[in-house]
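Structure first, then comments.
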Amino acid sequence: MVFDSTSYHHTMKENPNYAISPQIAQRAEWRPGGTGHIYMDKLTDDPYIGIAIVQVADFRLQCSPSGSYQDPQYGTLDKAKFQFIGERPRGANGFDEDFMRTYSLLSNIQNLGAKSQYHKDMLNENTIRFAKNIFEKRDVPVPDSPTSIKGAVYLEDLENPREAPSVSTLATKMDTETAHWPIKEDYINDLEGIKANYKAVPLRVYDTNDTFVEPVNVNKLLHNALVEVHFTLHHTYLPKSTPPHDSFRANIEQILILDSGKQKQNLYRSDPRAGPIRMHHSPPPTELPPPKKMRTDESRGESKD
């Protein structure tokens with residue numbers, strides 16, 4: 001089904017969470033929460049849920065099961081994030097102009113919570129970075145993982161070193177999502193090292209038919225797609241950094257794919273023995289009109305002394 005951007009744009013303009021109105025900056029405020037601050041709705045006392053319509057860029061699209069994780073020397077797997085860059089929609093009636101209103105609103109909200117002149121991680125050159133942690137800390141570790149015992153230390157175990165750790169304080173079974181998390185084979189050992197204490201949480205991503213997108217397919221379907229992203233806003237001030245700066249995040253809560261992106265094709269990846277690639281173009285007209293003569297003073301019989 002062809003996406004009707006005009007009709008959808010009309011509907012979104014009636015949504016109070018559509019992040020284009022400057023009034024949102026008065027409706028919510030930064031409050032302490034987590035490791036920094038969370039942008040909270042004054043009316044509900046819940047985190048403000050914003051909605052933006054963006055085009056997913058090719059650049060740094062990292063929503064596979066391993067997300068931003070690359071190598072232990074750059075950070076542990078439990079810190080890995082899903083992330084993508086949202087840019088101005090192309091050819092979507094109304095949404096292209098709305099994107100700059102969203103960007104301006106987020107910039108103003110940043111200024112309200114910032115403690116330094118350096119604002120990082122969310123806004124950059126008219127693009128918005130959306131991100132979310134792949135793994136969440138468990139309330140209690142699970143016992144059926146080989147790393148669960150060494151990863152959890154309890155007071156009663158220290159007081160009674162000859163006794164085994166208390167099973168009553170452990171979860172009874174590894175959750176299915178984490179146990180079968182489809183991470184790259186190269187990272188399986190890294191996953192084994194954290195899954196006793198962290199659980200994998202898939203992104204809430206739905207295709208154009210409102211069907212949940214499995215983690216292994218998310219990156220492919222988000223490629224160049226027009227999406228509606230629901231997000232919360234988080235802020236952390238890092239005074240010990242050089243220089244001190246504020247880190248902001250548009251935390252992904254849900255993604256609805258509105259219009260699938262077109263996959264880019266490289267014509268030159270075909271079999272080179274099949275022949276050369278000819279670029280089609282319109283042939284020139286058979287007869288060219290004669291060039292117009294330029295009128296000069298001499299042609300009019302005029303002369304200058």
**Report entry** Separation of I183 CD1 from K195 NZ (nearest 0.5 Å)
**Finding:** 11.0 Å
**Report entry** Distance-only donor-acceptor check, side chains D121 and S247, under 3.5 Å
**Finding:** yes
Report summary line: Correct closest heavy-atom pair for E125 and Y103 would be N-OH, 3.6 Å
Report summary line: On a heavy-atom basis, the closest approach of Q70 and Q62 is NE2-NE2, 4.0 Å
Report task. Step by step, work out the side chain to side chain contact (heavy atoms under 4.5 Å, CB included) result for H119 and N111. Result -> CA-CA 9 Å; H119 310 161; N111 292 335; 3.2 Å; yes
**Report entry** 4.5 Å side-chain heavy-atom contact, W181 and I134
**Finding:** yes
Report summary line: Minimal heavy-atom distance between S116 and Y237, with the atoms involved, is CB-CE1, 4.1 Å
Query raised in the report: Is any side-chain heavy atom of N133 closer than 4.5 Å to a side-chain heavy atom of R249?
Result: yes
Report task. Determine, stepwise, if the pair D58 / N224 fulfils side chain to side chain contact (heavy atoms under 4.5 Å, CB included). Result -> CA-CA 6 Å; D58 292 334; N224 287 324; 3.0 Å; yes
Query raised in the report: What is the minimum heavy-atom distance between I51 and F231, and which atoms define it?
Result: N-CE2, 3.7 Å
Query raised in the report: With no hydrogens and no angle check, do the side chains of T211 and N209 hold a donor and an acceptor under 3.5 Å apart?
Result: no
**Report entry** Side chains of D98 and Y18 in contact at under 4.5 Å (non-hydrogen atoms)
**Finding:** yes
Query - Main-chain N/O of K79 paired with K81 side-chain donor or acceptor, under 3.5 Å - result: yes
Query raised in the report: Has Q23 got more than 12 heavy atoms of other residues, nucleotides or ligands less than 6.0 Å from its CD?
Result: no
Query raised in the report: With distance as the sole test, does E87 use its side chain to make a donor-acceptor pair with the main-chain N or O of A57 at under 3.5 Å?
Result: no
Query - Residues forming a side-chain hydrogen bond (donor to acceptor under 3.5 Å, both in side chains) with T6, sequence neighbours excluded - result: N93
Query raised in the report: What closest approach, in Å, do L191 and T178 show between heavy atoms, and which atom pair accounts for it?
Result: CD2-O, 4.3 Å
Query raised in the report: Do the side chains of I188 and F135 join up, straight or via other hydrophobic residues, at under 4.5 Å, putting them in one cluster?
Result: yes
**Report entry** Side-chain ion pair, R31 and D45, N-O less than 4.0 Å
**Finding:** yes
Query raised in the report: Would T236 and H234 count as having a side-chain donor-acceptor pair, cut-off 3.5 Å?
Result: no
Query raised in the report: Between L61 and V56, is any pair of side-chain heavy atoms under 4.5 Å apart?
Result: yes
Query raised in the report: Within a radius of less than 6.0 Å around NZ of K199, do more than 12 heavy atoms belonging to other residues, nucleotides or ligands occur?
Result: no
Query raised in the report: Could you walk me through whether I109 and F248 pass the side chain to side chain contact (heavy atoms under 4.5 Å, CB included) check?
Result: CA-CA 10 Å; I109 292 175; F248 291 89; over 6 Å; no
Requested in this report: Find the distance between NE2 (H9) and CD (E97) and round it off to the nearest 0.5 Å.
Outcome: 7.5 Å
**Report entry** Flag side-chain contact, heavy atom, 4.5 Å: R204 against E253
**Finding:** no
Query raised in the report: Just wondering, more than 12 heavy atoms not from Y118 lying within 6.0 Å of its OH?
Result: no
Query raised in the report: Side-chain heavy atoms under 4.5 angstrom apart, residues restricted to Ile, Leu, Val, Met, Phe, Trp, Tyr: same cluster for I53 and I49?
Result: no
Query raised in the report: Is any side-chain N of the basic residue among R27 and D41 closer than 4.0 Å to the acidic one's carboxylate O?
Result: yes
Report task. Could you please spell out the steps behind the side chain to side chain contact (heavy atoms under 4.5 Å, CB included) verdict for K137 and N197? Result -> CA-CA 6 Å; K137 181 79 172 179; N197 297 292; 4.1 Å; yes
Query raised in the report: Do P22 and N108 have side chains that get closer than 4.5 Å, going by heavy atoms?
Result: no
**Report entry** Heavy-atom check, side chain of F84 versus side chain of V54, under 4.5 Å
**Finding:** yes
Query raised in the report: Does any N or O in the side chain of R60 come within less than 3.5 Å of the main-chain N or O of R129, such that one atom is a donor and the other an acceptor?
Result: no
**Report entry** Atom of Y48, atom of I24 and distance for their closest heavy-atom approach
**Finding:** OH-CD1, 3.2 Å
